[in-house]
Amino acid sequence: MPNGHIVLSVLFFREPSGIWVAQALEHNIAAQGGTVEEATVAFERTVEGYLRLDAKLGREPLSVLKPPAYIEEYTHGTTE
């Protein structure tokens with residue numbers, strides 16, 4: 001975490017139900033909302049919660065969160 005910053009790539013997509021999902025690509029963190037803006041706020045709050053918990057437990061920020069399974073498959077070229 002250089003300079004106290006964490007950079008996350010976030011994919012936003014709309015579910016068939018109309019709900020917007022914000023999914024981090026580097027870590028399995030996701031949140032949802034009725035609009036992109038609501039999903040963004042929910043995502044930011046979720047990340048903040050993880051960061052606070054990690055700090056409280058003395059862990060490296062987001063170190064216990066692995067990439068989503070599909071990113072691992074994409075990165076390593078595996079499919080089932």
Trainee: Do other residues, nucleotides or ligands put more than 12 heavy atoms under 6.0 Å from Arg59 CZ?
Mentor: yes
Trainee: Should Ile29 and Val41 be counted in the same cluster of Ile, Leu, Val, Met, Phe, Trp and Tyr side chains packed under 4.5 Å apart?
Mentor: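 Unlinked, Ile29 and Val41 end up in two clusters.
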Trainee: Return the minimal non-hydrogen interatomic distance between Asp54 and Ser63, and the atom names on each side.
Mentor: OD2-N, 4.2 Å
Trainee: Grab the two heavy atoms, one from Ala22 and one from Ala39, that are nearest each other, plus how far apart they are.
Mentor: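 Here Ala22 and Ala39 meet closest at CB-O, 4.0 Å.
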Trainee: Please report the interatomic distance CD(Gln32) to CD(Glu15), rounded to the nearest 0.5 Å.
Mentor: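 Separation between the atoms: 8.0 Å.
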Trainee: If I compare all heavy atoms of Pro61 with all of Leu51, which pair ends up nearest, and what's the gap?
Mentor: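 Of all heavy-atom pairs spanning Pro61 and Leu51, the closest is CB-CD2, 3.6 Å.
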Trainee: Running the 4.5 Å side-chain criterion over Ile, Leu, Val, Met, Phe, Trp and Tyr, what cluster does Ile19 land in, apart from itself?
Mentor: none
Trainee: For a 4.5 angstrom cut-off between non-hydrogen side-chain atoms, does Thr40 reach Trp20?
Mentor: no
Trainee: Tell me which one of Val10, Leu8, Asn28 satisfies side-chain contact (heavy atoms from CB on, under 4.5 Å) with Gln23.
Mentor: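 It is Asn28; the other options fail the test.
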Trainee: Would Val36 end up clustered with Val47 when hydrophobic side chains under 4.5 Å apart are linked, directly or stepwise?
Mentor: yes
Trainee: How about Val21 and Phe12: do any of their side-chain heavy atoms sit closer than 4.5 Å?
Mentor: no
Trainee: Short question: side chain of Glu48, backbone of Glu44 - any donor-acceptor pair under 3.5 Å?
Mentor: no
Trainee: Give a yes or no on whether the backbone of Lys66 and the side-chain of His27 come within a donor-acceptor separation of less than 3.5 Å.
Mentor: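 Looks like no, no N/O pair under 3.5 Å.
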Trainee: State, to 0.1 Å, how close Leu62 and Tyr50 come at their nearest heavy-atom pair, and which atoms those are.
Mentor: CD2-CB, 3.8 Å
